[in-house]
There are 2 protein chains.
Amino acid sequence: MTKPTLVDVGKEAGVSAITVSRALRSPEKVSDSLRAKVDAAVRKLGYVPNQSASTLASSETNSIVVMIPSISNNVFTDVLRGIEDALKHTRLTLQIGNTGYDPIEEERVLRSFLNPAPKGVILAGIEQTNETRQMLANVGVPVVQIMDLSDAPIDQIVGFSHEDAAFAAANHLIDKGYCNIGFLGAQMDPRSQKRLAGFRKALQNAGMYDERAVVVTNRPSDVNIGAILFGKLTTQYPECDAVFCNNDDLALGVLFECQRRGIRVPTELGICGFNDLGVTSQCVPTISTVRTPLYDMGAKAGKILVDGGAGAKDRQVDLGFSLEIRNSSLR
Amino acid sequence: MTKPTLVDVGKEAGVSAITVSRALRSPEKVSDSLRAKVDAAVRKLGYVPNQSASTLASSETNSIVVMIPSISNNVFTDVLRGIEDALKHTRLTLQIGNTGYDPIEEERVLRSFLNPAPKGVILAGIEQTNETRQMLANVGVPVVQIMDLSDAPIDQIVGFSHEDAAFAAANHLIDKGYCNIGFLGAQMDPRSQKRLAGFRKALQNAGMYDERAVVVTNRPSDVNIGAILFGKLTTQYPECDAVFCNNDDLALGVLFECQRRGIRVPTELGICGFNDLGVTSQCVPTISTVRTPLYDMGAKAGKILVDGGAGAKDRQVDLGFSLEIRNSSLR
DNA sequence: TTGAAAGCGCTAACAC
DNA sequence: GTGTTAGCGCTTTCAA
């Protein structure tokens, strides 16, 4: 029982292979009776088109490539949901590549996905290697960068300002009367560095920046790391009365550590997270955070590519952010 | 600047296309000097093999297909990490399909991934349609089912017993002296139904099963749903003194709801979760849970397929589970 | 160790 | 509306 080809289906339906191809690809260009016969033959033989042959002949793929720093990071699963939803009810298929936060690895994996050329490419961040940019230019495929902003995107970019977001969050803490505010950061990728920059700017503006207030690690963000970093912070900066965290995981870890140590939130310590990953709205007390447009960035990027790369009028789309002020920062 | 082909590389290196192909695919079958020349030409032209052409000519893909019920569920991201790690340093590429917990959708998506045939297929659960089984049999591709056990796997299966795991968890609560134990379940897929069955068996054995003790929903599991389900449970079963949750998300939601209502854990209410998703070991109090071999199932399934589908001696591999007894169930 | 010929299954371009 | 011809870029088979 060898796999049926277009020729087999054609024989069964009493027509030529190319007619079957047309009946399947553009049913409107074919007579009704013929379409019915072809459909019957397809079903009878269990015909499934060979993607490789189709791609080779037409030099057209139906795939969208997404390069993601990490699949186990909830931040990116939200983004992926957005992309998936945008591709739903479309012939487009999603090809996910994992970069491990490494531009060189991104280049390597992306290269293998670029021949034949996909319908579009979604890239996280703006730190691509020159090689990557060159490759992309040669292939001439629509590219959408996400998660950040840039005046000089490869092609198009949809994101938000990490610096502004962190700046706003830090100012919120300052406004609430906290005056020894720490920064906790894990997975210090370039976007996290921008958050740190925004934080620093806000504190400097207020004349209350202190070197000791910053504790970061390059390890992946999780709840446990939050507690550990907070431990370090309180050691080197005991007067600390609030923390801004890089990511909600960390913020939750800080809250738990406070519960363990009997530190009252928000009176003794204010907490603000980042990304609004869900659990911060449920814990006790609820944790203030910065809502970032994770799902929307994915959905918008997907839509742009579904529309052939011409979805946005401007090359840069700023989806913004919003402060979700909850109980952990209201003293 | 059109994309270079094998012929172009051959011309550049002064050899034929087929020789280039060989130099790239099996370098040991080619003289050193030639290999050097070819490598130089490849680099100079920026040659990248055309996957479609290669696949079409050899009728061999280098992809592993994984059908996952949902990418936004942390349970599956852990599994995916395992698979990815197994494929690392391998020519194999991961193709992820999303089933949305629907066997019909699984069939539809899988069908489109099956021609040309991938090197292997990983399927979650054992609820495939007959059509799906038929397709897979026709294609003759190695299949590994994961997340569950079965005496009649399609091909091979690696998982653990959900019923036994829930049975053990429920018995643990019974042993600790809780006697009105509720079951909270979201995303009631077939594996969750098995957990419910295991729970029920334990309570019935102990002569303390009560209809009102079971509160479930088909909505996806998250922290908020945990609180909601717990609310329902306490309404319809006020004497409830412990809950076993389908998933750690729910357990965390229950803990938060207890904090809100001033219910003391574990004295007034015992809590046990499922899957050991990380945060349960960090919260206050820590939450007892069932550690399931999420990463390991992915890694093992991946390894089996990397080894050509013959990795396991037995068709069924039971990776087991373990009780992580923490503070939420020790009164 | 290297090359020539044939063909994988499909579609573009052109006929009828 | 339907068929014919050619060829996508590669690998298989066979020959040298």
Side-chain angles (χ1 to χ4, degrees), chain A residues 2-39 41-42 45-63 91 111-119 139, chain B residues 2-39 41-42 45-63 91 111-119 139:
Chain A
T2 172
K3 233 171 274 177
T5 70
L6 272 190
V7 174
D8 300 323
V9 179
K11 274 183 192 145
E12 179 72 28
V15 295
S16 71
I18 181 66
T19 304
V20 177
S21 171
R22 270 197 286 255
L24 295 173
R25 293 162 50 83
S26 22
E28 73 285 0
K29 293 192 161 186
V30 136
S31 67
D32 286 1
S33 61
L34 201 152
R35 191 166 55 240
K37 261 193 295 191
V38 167
D39 285 352
V42 163
L45 299 180
Y47 170 75
V48 180
N50 182 314
Q51 256 303 127
S52 300
S54 168
T55 298
L56 180 57
S58 66
S59 43
E60 270 205 28
T61 56
N62 62 345
S63 68
R91 296 186 150 273
R111 187 192 310 279
S112 75
F113 288 157
L114 243 37
N115 194 6
K119 270 272 164 40
V139 172
Chain B
T2 172
K3 232 173 274 177
T5 71
L6 273 188
V7 174
D8 300 324
V9 179
K11 273 182 191 145
E12 179 73 29
V15 294
S16 71
I18 179 62
T19 303
V20 177
S21 170
R22 268 197 289 256
L24 295 174
R25 292 162 51 83
S26 21
E28 72 285 0
K29 294 193 159 184
V30 135
S31 66
D32 286 2
S33 62
L34 201 153
R35 191 165 54 242
K37 260 192 295 190
V38 168
D39 285 353
V42 163
L45 299 181
Y47 170 75
V48 179
N50 183 314
Q51 256 304 125
S52 299
S54 168
T55 298
L56 180 58
S58 66
S59 43
E60 269 203 30
T61 56
N62 62 347
S63 68
R91 295 186 151 272
R111 186 192 310 279
S112 75
F113 288 158
L114 244 36
N115 195 4
K119 270 273 165 35
V139 171

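The shown structure was predicted, so the numbers you read here are calculated from the model rather than taken from an experiment. The chains referred to below are lettered A, B, ... by the order of the sequence lines, with proteins before strands, and numbering in each begins at 1. Values reported hereafter were calculated over all heavy atoms of this structure, with side chains retained and with hydrogens, waters and symmetry mates removed.
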Separation of [N] [atom2] from [X] [atom1] (nearest whole Å):
| X | N | atom1 | atom2 | answer |
| --- | --- | --- | --- | --- |
| B/L6 | C/dG3 | CG | C1' | 14 Å |
| B/E60 | C/dG7 | CD | P | 21 Å |
| B/L56 | C/dC8 | CG | P | 9 Å |
| B/N115 | C/dC8 | CG | C1' | 12 Å |
| A/N50 | C/dT11 | CG | C1' | 13 Å |

Practice task
Please name all residues satisfying salt bridge (charged side-chain N to carboxylate O under 4.0 Å, His left out) with B/R22, sequence neighbours left out, ordered by chain then number.
Solution key: none

Fill in the blank from the handout: Hits for side-chain contact (heavy atoms from CB on, under 4.5 Å) against B/A57, two or more places apart or cross-chain, chain-then-number order -> none

Exercise for the section: For A/S33, check side-chain contact (heavy atoms from CB on, under 4.5 Å) against everything at least two apart and list the hits. Expected result: A/S31

List in chain and number order the residues that pass side-chain hydrogen bond (donor to acceptor under 3.5 Å, both in side chains) with [X], two or more places apart in sequence or in another chain; answer none if no residue qualifies.
| X | value |
| --- | --- |
| B/K37 | none |
| A/T19 | A/S16 |
| A/T61 | none |
| B/R111 | B/E107 |

Fill in the blank from the handout: DNA chain C nearest-nucleotide lookup for A/Q51 and B/G14: closer to the 5′ end is B/G14

Exercise for the section: For B/S59, answer base if it contacts any base atom (sugar-phosphate contacts may also be present), sugar-phosphate if it contacts only those atoms, and nothing otherwise; contact means non-hydrogen atoms under 4.0 Å. Expected result: nothing

Fill in the blank from the handout: Under a 4.0 Å heavy-atom cutoff, the residues of residues 15-37 of chain A touching DNA chain C are A/I18, A/S21, A/R25

Handout entry: Positive for side-chain contact (heavy atoms from CB on, under 4.5 Å) with B/Y47, one of B/V38, B/D8, B/V20, B/V42
Key = B/V42

Practice task
Shoot me the first and last contacting nucleotide of DNA chain D against chain B, ordered 5' to 3', at under 4.0 angstrom to non-hydrogen atoms.
Solution key: D/dG9 to D/dT12

